[in-house]
*Asks:* 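A single structure is presented below for examination.
Numbered from 1 within each chain, the chains take letters A, B, ... in sequence-line order. Just so we're clear, the structure is a prediction, and the values are computed from it rather than from any experiment. Excluded from the calculations below are hydrogen atoms, water molecules and symmetry mates; all remaining heavy atoms, backbone and side chain alike, are included.
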Amino acid sequence: MEPIHEIMEIRRKKMEDLKSLGIEPYPQIRDEFLTTEEIRKLYDGKEEDELQKTSPRARCAGRIVSMRDFGKSVFFHILDRKGKLQVYVRKDVIQSPPYEAFKKLDIGDIVGVEGTIFKTKTKELTLLANSVTLLSKSLRPLPEKWHGLRDVEERYRKRYVDLIVNEKVRNVFTKRSQIINFIRSYLNSKDFIEVETPMMHTIPGGADAKPFITHHNALDMDLYLRIAPELYLKRLVVGGLERVFEINRNFRNEGISVKHNPEFTMLEFYQAYASYEDHMVLLEDLISRILEQLTGESKILYKGNLIDFTRPWRRYTMEEALSIFGGFNLREVSDIKNLREKAIFLGIEEAKSMSKGKLITKIFEMLCEDKLIHPTFITHYPVDVSPLAKRSKENPEIVERFELYIGGMEIANGFNELNDPFDQKQRFIEQRENKKEEYPIDEDFIVALEYGMPPTAGCGVGIDRLVMILTDSPSIREVILFPLLRP
RNA sequence: GGGCCGUUAGCUCAGUCCGGUAGAGCAGCUGACUCUUAAUCAGUUGGCCGGAGGUUCGAAUCCUUCACGGCCCA
């Protein structure tokens, strides 16, 4: 027998012993429990004498995560969603179950405890148990109490164990929820409405990425998991939903890295009668408020760098950024031949087939991206990497667009939406000519624009990456509960 | 796709250079112990050393290959 099965066999035997003592290992319950946090709030501020005099009664539930056995008494900690509470069981105090039956419980078991609250001589708030009710028997051993579960692969594959054992991991996902919650209420308060647009598209669009392909049997046609919700959200603006947002998954059939997971969460919001400059201000405000709410600080540590969120955030045109962070003067090297040489020199593989704007953008990413640690807006993107953005009045080769960089990562991308159906059609055609994939043009989107879309600014925010920054997580897999792994 | 690193007990890790019968701590199990908190003390079980091939008298250790994962590059 494998050793793990020996351990499990011992636990199964204990479970049978408990059953024969009339204790059901997986009971139905209807009791209401306080959380460990509620118990702390009620009693942690009180003095030992006062607790001793009043002996307040309390009941809570959680998983046994540690245990110290003294023979005729036992200390253990239970863990619930709010934290830990110490429980003290004495042979001469416990009423249910009999002390001998209680001793059949293991670390990992889920129990309800009921008793009186006191403080130990080291002043730890503790529940002296009158009863310990088994709520669920655990049959597998938990990882070691001191080092926990470290193996990265095992942590992702058995995230449930990771969450039990690693408090930091619980905190990351609690924070993630708070961040998303905050974004929702922020946008709601600004009169945006939340919508849900299709996850399955008949034509992939709204971004430059390879889609996942799936198939609808009844209609016998291929569908594409969406790479971006953009074209649908803009249809809604045409429809008069002037302020919309969606927080949901995008799917991109591309490489996996510390910054990329095939499915990732994106916030997109669209606001009629606003400009991309308004949205830079909105992002500053939104993210500053999240930070305020989360930490109360304006600076946070990310991967050892102190990131300063003090407003206003830096703004550079792409040309300025190339010069300042890349030492690359775009005016001196402006013709496509020289740009191509530079790109090849930098090791950009597909430089030969790239357009001028694409070359500039790639060179920018190579030279500048990882230097943009503090929140920084980059503006003045080339038109040929921005097929959905409105051209600049001053220079038709440039679009009215920004990207926000924090911690060396692209966090957000926003622009004035192209609402000229003729220009949009032309850009779609040009875009398709430069690509290998033969996806049809989304003609219905053009039709929508022909009905008239108000001047609109739109913005996408990579939620996972934002959470990475705000939780000091070095990999996107640390902020996604179940990142993609081979089976 | 390429490079480097990793995979040893349920968990955390030694052992790999330089081949010679597989080690520790925690958890588990048996005892002792009614204010401990990495409790303590005494004893103790537990390994297809990721898989498959090879080299060798002999492989966790060297070689090949595969799988999974991590980081970097594309």
*Asks:* Between B:C68 and A:Arg486, is there an OP1 or OP2 to side-chain N/O distance shorter than 4.0 Å?
*Replies:*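 Yes, such a contact exists.
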*Asks:* Between B:U36 and A:Phe75, is there a base-stacking contact, meaning the centre of the base's six-membered ring lies under 5.5 Å from the residue's ring centre while the planes stay under 30° apart?
*Replies:*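 Stacking between A:Phe75 and B:U36: present.
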*Asks:* Name the nucleic acid region contacted by A:Gly148, choosing base, sugar-phosphate or nothing; use a 4.0 angstrom heavy-atom cut-off, strictly under.
*Replies:*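 The residue A:Gly148 makes sugar-phosphate contact but no base contact.
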*Asks:* Which whole-number value in Å describes the distance from A:Glu365 CD to B:C73 C1'?
*Replies:*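 The distance from CD of A:Glu365 to C1' of B:C73 comes to 16 Å, rounded to the nearest Å.
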*Asks:* Report the nucleotide, chosen from B:C68, B:U36, B:G10, that has the shortest atom-to-atom distance to any side-chain atom of A:Ile7.
*Replies:*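 So the nucleotide nearest the side chain must be B:G10.
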*Asks:* Kindly point out which of B:C71, B:C29, B:U45 is positioned nearest to the side chain of A:Lys14?
*Replies:*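 Looking only at heavy atoms from C-beta outward on A:Lys14, the closest nucleotide is B:C29.
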*Asks:* Compare the minimum distances between each of B:C33, B:C11, B:U36 and the side chain of A:Asp69, then state the nucleotide with the smallest one.
*Replies:*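 The nucleotide sitting nearest to the side chain is B:C33.
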*Asks:* Report the nucleotide, chosen from B:C71, B:U36, B:C33, that has the shortest atom-to-atom distance to any side-chain atom of A:Lys72.
*Replies:*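 Closest nucleotide to the A:Lys72 side chain: B:C33.
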*Asks:* Could you check which of B:C11, B:U36, B:C29 has an atom nearest any side-chain atom of A:Thr126?
*Replies:*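 Of B:C11, B:U36, B:C29, B:U36 is nearest to the side chain of A:Thr126.
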*Asks:* Describe the nucleic acid contact of A:Phe118 in one word from base, sugar-phosphate, nothing, applying a heavy-atom distance below 4.0 Å.
*Replies:*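 Answer is base: heavy atoms of A:Phe118 come under 4.0 Å of a base.
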*Asks:* For A:Leu485, report the nucleic acid contact type (base, sugar-phosphate, nothing); a contact means any heavy atom under 4.0 Å.
*Replies:*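 Since only primed, P, OP1 and OP2 atoms lie under 4.0 Å of A:Leu485, the category is sugar-phosphate.
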*Asks:* Write down the partner of B:U64 under the Watson-Crick or G-U wobble criteria, each distance required to be under 3.5 Å.
*Replies:*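 Pair assignment: B:U64 / B:A52.
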*Asks:* When you check the phosphate oxygens OP1 and OP2 of B:C71, does a side-chain N or O of A:Arg477 lie under 4.0 Å from one of them?
*Replies:*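 Result: yes.
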*Asks:* Counting heavy atoms from C-beta on, name the nucleotide in B:C71, B:G69, B:U36 closest to the side chain of A:Arg68.
*Replies:*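 So the nucleotide nearest the side chain must be B:U36.
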*Asks:* Please check this pair: side chain of A:Tyr99 against backbone of A:Ser73, looking for a donor-acceptor N/O pair closer than 3.5 Å.
*Replies:*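 Yes; at least one donor-acceptor contact below 3.5 Å.
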*Asks:* Among B:G46, B:C72, B:U34, which nucleotide has an atom closest to any side-chain atom of A:Glu6?
*Replies:*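 Nearest nucleotide to the side chain: B:G46.
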*Asks:* Side chain of A:Arg157 only, please: which of B:G69, B:U36, B:U12 is the nearest?
*Replies:*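 It is B:G69.
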*Asks:* Can you tell me if A:Arg11 uses its side chain to pair, donor with acceptor, with the backbone of A:Leu105 under 3.5 Å?
*Replies:*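 No, A:Arg11 side chain to A:Leu105 backbone: no donor-acceptor pair under 3.5 Å.
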*Asks:* Salt-bridge test for A:Lys53 and A:Glu48: reply yes if a basic N is under 4.0 Å from a carboxylate O, no otherwise.
*Replies:*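 Looking at A:Lys53 and A:Glu48, the cut-off is not met.
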*Asks:* Now, which nucleotide makes the Watson-Crick or G-U wobble pair with B:G10, with each of the two distances under 3.5 Å?
*Replies:*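 Pairing partner, where one exists within any strand: B:C26.
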*Asks:* For residues 408-415 of chain A, dump all side-chain donor-acceptor pairs below 3.5 Å to protein atoms at least two apart in sequence or in another chain.
*Replies:*
from	atom 1	to	atom 2	distance (Å)
A:Asn413	OD1	A:Arg401	NE	3.0
A:Asn413	OD1	A:Arg401	NH2	3.4

*Asks:* Given atom CG of A:Asp106 and atom P of B:G10, what is their separation to the nearest angstrom?
*Replies:*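 After rounding, the gap between these two atoms is 17 Å.
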*Asks:* What's the NZ-C1' distance between A:Lys103 and B:C33, to the nearest Å?
*Replies:*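 For the pair A:Lys103 NZ and B:C33 C1', the rounded distance is 10 Å.
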*Asks:* Would you say A:Lys145 reaches B:C11's phosphate, i.e. side-chain N/O to OP1/OP2 under 4.0 Å?
*Replies:*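 The answer is no; no side-chain N or O of A:Lys145 sits under 4.0 Å from OP1 or OP2.
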*Asks:* Report the nucleotide, chosen from B:U36, B:G69, B:G28, that has the shortest atom-to-atom distance to any side-chain atom of A:Glu153.
*Replies:*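 Of all the options, the side chain of A:Glu153 is nearest to B:G69.
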*Asks:* A:Arg150 has a side chain; which of B:A9, B:C13, B:C68 sits nearest to it?
*Replies:*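 Among the listed nucleotides, the one closest to the side chain of A:Arg150 is B:C13.
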*Asks:* Within the distance-only criterion (no hydrogens, no angle test), does the side chain of A:Arg59 pair as donor or acceptor with the backbone N or O of A:Val113 below 3.5 angstrom?
*Replies:*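 No; judged by distance alone, with no hydrogens or angles, the pair does not exist.
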